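Remember, predicted model here, so these are calculated numbers, not experimental data.
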Amino acid sequence: MDAREMKIKAAAAALAHVEDGMRLGIGTGSTAEEFVRLLAERVAGGLSVIGVPTSERTARLCVELGVPLMSLDELPELDLTIDGADEVDGRLRLIKGGGGALLREKIVAGASSRMIVIADESKVVETLGAFKLPIEVNPFGMVATRIAIERTASRLGLSGAIELRQAGAGHFMTDGGHLILDASFGRIPDAEALATALNAIPGVVEHGLFINMASLAIIAGPAGARTLTADT
Ligand SMILES: O=C[C@H](O)[C@H](O)[C@H](O)COP(=O)(O)O
């Protein structure tokens, strides 16, 4: 089974949690897009749901495939969000933002009663941090914000390169008009402490540590899909 087939398997298993009439947060990335494709087939077959997309990219795909959408302001309370992740640990703490959508993803997940993560086995880690941590920052004073992040991380015993994400010939720009700093801290032993410390830095808009947000992860591997809950 190749990587795409595993993503489809995880997405298909998540679809079983979608019920008629649900208000759905719809994630971003290649795994979430497999979910959108399967969801669109069910919508074409009569399933009634309304989606709130976590990025312009996801919104475009939903429109193209006929999944009905509303904005989060029109539909501020959601039943379920289904989204991918860059890393998942055994306590369902996540690193997200590889595609730059972390801010909207976190807002949408925060507005949802439940969040289900869909991923292939390669995303499961013992300790978060092999994947560079995306940190979304305001363009104003980006260098000062980066220095503050370095100092904060150093107080927590973390160090490593913090690079401004590039796209084509320029800087990557998020849907909200912000920049992304990708931090190579390596193993993050205390994700909660880092999350709290990053949130306190002026200029940091949001970071890719998602803690206490997911209630279930559906992990697909060559042998099929398994589920992880926060206490498994
Ligand atoms: O910003 C992007 C998101 O957090 C994605 O959900 C994450 O990067 C996983 O994407 P993929 O399913 O493509 O690996």
Side-chain angles (χ1 to χ4, degrees), residues 1-19 22 24-45 47 49 51-67 69 78-102 104-106 108-109 112 114-126 128-134 165 172 175 180 182 208-210 213-230 232:
M1 194 184 295
D2 67 19
R4 175 155 188 235
E5 287 169 329
M6 286 194 263
K7 290 173 188 183
I8 294 172
K9 194 164 275 293
L15 200 57
H17 295 261
V18 176
E19 292 166 18
M22 271 189 168
L24 272 187
I26 305 180
T28 295
S30 56
T31 317
E33 285 175 8
E34 298 302 348
F35 172 75
V36 172
R37 290 191 185 92
L38 296 174
L39 179 67
E41 286 172 16
R42 292 282 308 280
V43 167
L47 179 77
V49 291
V52 170
T54 54
S55 64
E56 299 300 326
R57 171 178 154 184
T58 294
R60 279 193 294 275
L61 184 65
C62 288
V63 169
E64 188 188 312
L65 298 179
V67 174
L69 295 181
L78 306 176
D79 301 298
L80 173 64
T81 286
I82 294 179
D83 201 349
D86 300 298
E87 282 189 349
V88 187
D89 78 4
R91 287 166 55 191
L92 295 197
R93 296 177 297 190
L94 317 172
I95 288 183
K96 288 183 52 57
L102 63 140
R104 292 191 186 184
E105 289 176 333
K106 201 177 272 189
V108 168
S112 301
R114 285 190 300 144
M115 177 191 192
I116 296 179
V117 174
I118 49 176
D120 60 81
E121 285 286 357
S122 69
K123 307 291 185 65
V124 180
V125 297
E126 202 160 306
L128 298 177
F131 192 90
K132 292 178 189 174
L133 178 65
R165 190 178 296 182
F172 177 89
D175 284 344
I180 298 274
D182 288 303
L209 290 167
F210 283 49
M213 300 203 86
S215 50
L216 184 74
I218 299 174
I219 308 295
R226 64 185 173 107
T227 56
L228 284 178
T229 56
T232 44

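Taking CG from Leu65 and CD from Glu33, the interatomic distance works out to 9.5 Å, rounded to the nearest 0.5 Å. Atoms CZ and CZ, from Arg60 and Arg57 in turn, are 9.0 Å apart once rounded to the nearest 0.5 Å. Separation of atoms CG (Leu61) and OG (Ser55) is listed at 9.5 Å; rounding is to 0.5 Å.
Annotation: side-chain contact (heavy atoms from CB on, under 4.5 Å) contacts of Ala32 (sequence neighbours excluded): Asp83. The salt bridge (charged side-chain N to carboxylate O under 4.0 Å, His left out) search around Lys123 returns none, not counting sequence neighbours. Among residues two or more places apart in sequence or in another chain, the side-chain contact (heavy atoms from CB on, under 4.5 Å) test is passed with Asp182 by Lys132, Pro134, Arg165, Ile180. A search for salt bridge (charged side-chain N to carboxylate O under 4.0 Å, His left out) contacts involving Glu56 returns Arg104, not counting sequence neighbours. Looking at residues two or more places apart in sequence or on another chain, you find no side-chain hydrogen bond (donor to acceptor under 3.5 Å, both in side chains) involving Ser215. Legend: residues meeting salt bridge (charged side-chain N to carboxylate O under 4.0 Å, His left out) with Glu5, ordered by chain and number and at least two apart, are absent. Remark: Lys7 pairs with Ser30 by the side-chain hydrogen bond (donor to acceptor under 3.5 Å, both in side chains) rule, at least two apart or across chains. Partners of Glu121 under the side-chain hydrogen bond (donor to acceptor under 3.5 Å, both in side chains) rule, at least two apart in sequence or in another chain, are Arg226. Scanning for side-chain hydrogen bond (donor to acceptor under 3.5 Å, both in side chains) contacts around Arg4 gives Glu34, with sequence neighbours left out.
Using a 4.5 Å heavy-atom threshold, the side chains of Arg93 and Leu128 count as touching. Looking at Met213 and Leu94, their side chains never come closer than 4.5 Å, going by heavy atoms from C-beta outward. Between Leu15 and Leu39, the closest side-chain pair of non-hydrogen atoms falls below 4.5 Å. Using a 4.5 Å cut-off on side-chain heavy atoms (C-beta onward), Thr81 and Arg114 make no contact. At least one side-chain heavy atom of Ile116 sits less than 4.5 Å from a side-chain heavy atom of Ile218. Between Val18 and Val49 there is a side-chain heavy-atom pair separated by less than 4.5 Å. Contact check for Leu228 versus Leu92: side-chain heavy atoms found under the 4.5 Å cut-off.
Using a distance-only test at 3.5 Å, with no hydrogens or angles considered, a donor-acceptor pair links the side chain of Asp86 to the main chain of Gly98. In this structure, Lys96 contributes its side chain and Glu105 its backbone to no donor-acceptor pair below 3.5 Å. With hydrogens and angles ignored, the 3.5 Å screen pairs a side-chain donor or acceptor of Thr54 with a backbone N or O of Ile26. Proximity of a side-chain donor or acceptor of Ser112 to a complementary backbone N or O of Met115 within less than 3.5 Å is not detected. Side-chain atoms of Lys9 do not come within 3.5 Å of backbone N or O of Ile219 as any donor-acceptor pair. No donor-acceptor pair under 3.5 Å is formed between the side chain of Glu87 and the backbone N or O of Ile95.
For the side-chain contact (heavy atoms from CB on, under 4.5 Å) test with Thr58, the passing option among Leu69, Val52, Thr28, Asp175 is Thr28; the others fail.
Gly99 and Phe172 get closest at one heavy-atom pair: O-CZ, 3.7 Å. Contact record, Asp120 with Met6: CB-CB, 3.9 Å, taken as the closest heavy-atom pair. The two residues Cys62 and Val36 have their closest heavy-atom pair at SG-CG1, 3.9 Å.
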